There are 2 protein chains.
Amino acid sequence: MSNCSHCIMKRFNALKTLTHDELERFSDHKTSIIIKKGENIMTEGNSINGLYCIQDGKCKLTKLNTNGKEQIIKFIKGGDILGHRSILSEEPVGLNATALEDMRVCFIPKGDILESIKDNPQFSLNLIKNISLQLSHANTAISQMAQKPVKDRLAETLLSLEEIFGVDNEDCIDVILTREEIANTIGTATESAIRLLSNLKKDGVIDLLGKKIKIINKNALKNISEGY
Amino acid sequence: MSNCSHCIMKRFNALKTLTHDELERFSDHKTSIIIKKGENIMTEGNSINGLYCIQDGKCKLTKLNTNGKEQIIKFIKGGDILGHRSILSEEPVGLNATALEDMRVCFIPKGDILESIKDNPQFSLNLIKNISLQLSHANTAISQMAQKPVKDRLAETLLSLEEIFGVDNEDCIDVILTREEIANTIGTATESAIRLLSNLKKDGVIDLLGKKIKIINKNALKNISEGY
DNA sequence: TCCTATTTATGACAAATATCATTTATTTTT
DNA sequence: AAAAATAAATGATATTTGTCATAAATAGGA
């Protein structure tokens, strides 16, 4: 099994402040998991007893509404970590993490994480910063959901998806989402999302190649996202 | 000037884990401030060099949208703290904190807070829990903004306002908000908020006494907030 | 206390968005 | 490769929500 000391994860996030000894301890206790597309890494309301390091693959963090609708809160990719909020706050997981494609994930038991939090102030500070940043993004999202029309939110979401996942060799946003998932991200009906995507294509702002989306005019998209 | 050791604040929040010595240190360095209705305690984008303890009074945390609209993210009252997120994440303040009425606030310099964070793991853990809880609430808010109609969100907000501020001696929700502020909380036009409030009154679910709002049928309101 | 400014309220209408129905395209299964 | 299932696209229509206009009520200042 691979060793945490050499893992790409430690280039990212809070993990980069871990010492060699801490990484060795993680290595000894970690388990590697394969999550198939559509499966959950974590499930809303469940308790969790460790930290997940995403080696490879993408997932969506969702919340099920009282009306049965799924809201996508955030996207996660290789190099991200999951579960630290729940460990720190000692509360159940608040979101579902569902694989958008097959994933490789490492699980590090809670005990090891807590030990590093106790011993390594820089590590815990970085975890706090991570959560703070998420809160800051969430507040922005509340504001935009509440006050921007669907078209603006779609434009914003497309820009943000390209930001997060980058582009493939055909310059398409490098993530495969159904139209329903896009709708569940911006908070609208699937048909509305489809219609607005078609309009953006007609206006030459984006191109649609099956499920793949290519941003053609990023400036136009930025303007739309700001209501122009 | 009053002493932190005897302050009501230490019954609440993260501050309850502070030692007597820490509180004495806070006492020596703290300043008391009066914030007049309409004034800002903190302003979006500004940096901050301490923690605010709300002794008395209410304020709103808002975000100004690119389209110039104000979104109310959260309400704050006596016993709450402000600014800890910014201190921990070493980032500018993300929200405006504007007094809804005259307020008494204590300011504790950043240095003292950071010292306690370093020395007192329980204190920093409680700060983290506070931020985590806020994140959890924010995610719920995103989901509801995105997927619930305005009427449901209004019902939800009224229940939540009563939860936060309690009721006065006439059983009215104990906070004075303009209709515009209510609209900016649920993310709708002022006229829409007014209309829906009128409807709720007509249906006997709430009563409107000037700016004061009394919840008459809490169950009906709960049902509305869940889409029934 | 009166005057003025702001806030609340309500109607009329316009725009945005959702829902339903149907067709076409794509993916998955057999 | 064909059949079945799922997803995407689009039109028609209903509903929700926003905007503008105006009147009534309330609050704040001279």
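Please read all numbers here as calculations on a predicted model, not as lab measurements. Letters go in sequence order (proteins before strands), and every chain restarts at 1. These numbers come from the heavy atoms of this one structure, side chains and all, not from hydrogens, waters or symmetry mates.
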Could you go through residues 187-211 of chain A and list every donor-acceptor pair under 3.5 Å that involves a side-chain atom there, pairing it with any protein atom two or more places apart or in another chain?
| residue | atom | partner | partner atom | Å |
| --- | --- | --- | --- | --- |
| S198(A) | OG | I194(A) | O | 3.0 |

- Do nucleotides 23-30 of chain D as a string where each nucleotide becomes B, S or -: B if the base has a protein heavy atom under 4.0 Å, S if just the sugar-phosphate does, - if no protein is that close. --------
- Item | Where protein sits on nucleotides 13-23 of chain C, one letter per nucleotide: B base, S sugar-phosphate only, - none, heavy atoms under 4.0 Å | ----SBBB---
- Message: So, using salt bridge (Lys or Arg N to Asp or Glu O under 4.0 Å) as the criterion, who are the partners of D102(B) when residues are at least two apart?
- Response: K36(B)
- Under the salt bridge (Lys or Arg N to Asp or Glu O under 4.0 Å) test, residues paired with K110(A) that sit two or more places apart: none
Interatomic spacing from [atom1] in [X] to [atom2] in [Y] - rounded to 0.5 Å:
{"X": "K58(A)", "Y": "E101(A)", "atom1": "NZ", "atom2": "CD", "value": "4.0 Å"}
{"X": "K37(B)", "Y": "C59(B)", "atom1": "NZ", "atom2": "SG", "value": "14.0 Å"}
{"X": "H84(A)", "Y": "I108(A)", "atom1": "NE2", "atom2": "CD1", "value": "12.5 Å"}

- Message: Just to be sure I understand the rule, does S198(B) reach a base, reach only the sugar-phosphate, or reach nothing, if contact means heavy atoms closer than 4.0 Å?
- Response: sugar-phosphate
Nearest-Å distance for atom pair [atom1]/[atom2], residues [X] and [N]:
{"X": "L208(B)", "N": "dT7(C)", "atom1": "CG", "atom2": "P", "value": "18 Å"}
{"X": "K212(B)", "N": "dT8(C)", "atom1": "NZ", "atom2": "P", "value": "14 Å"}
{"X": "N199(B)", "N": "dT8(C)", "atom1": "CG", "atom2": "P", "value": "17 Å"}
{"X": "E180(A)", "N": "dT6(D)", "atom1": "CD", "atom2": "P", "value": "12 Å"}
{"X": "R179(B)", "N": "dT8(C)", "atom1": "CZ", "atom2": "P", "value": "6 Å"}
{"X": "L209(A)", "N": "dT27(C)", "atom1": "CG", "atom2": "P", "value": "12 Å"}
{"X": "K202(B)", "N": "dT8(C)", "atom1": "NZ", "atom2": "C1'", "value": "16 Å"}
{"X": "I176(A)", "N": "dT26(C)", "atom1": "CD1", "atom2": "C1'", "value": "13 Å"}

- Query: Is N139(A) reaching over with its side chain to a backbone N or O of S136(A), donor-acceptor style, under 3.5 angstrom?
  - Reply: no
- Under 4.0 Å between a Lys/Arg side-chain N and an Asp/Glu carboxylate O for K222(B) and E156(B)? no
- Is there side-chain contact between E162(B) and V167(B), with at least one heavy-atom pair below 4.5 Å? yes
- Message: If the test is side chain to side chain contact (heavy atoms under 4.5 Å, CB included), which one of I176(A), L177(A), I76(A) qualifies with L100(A)?
- Response: L177(A)
- Once you build an axis from the first five pairs and another from the last five of the helix from dT1(C)-dA30(D) to dT30(C)-dA1(D), how far apart in angle are they, to 10 degrees? 50°
- D168(A) and K212(A): CA distance, side-chain angles, deciding distance, salt bridge (charged side-chain N to carboxylate O under 4.0 Å, His left out) verdict: CA-CA 10 Å; D168(A) 63 14; K212(A) 284 277 184 180; 3.0 Å; yes
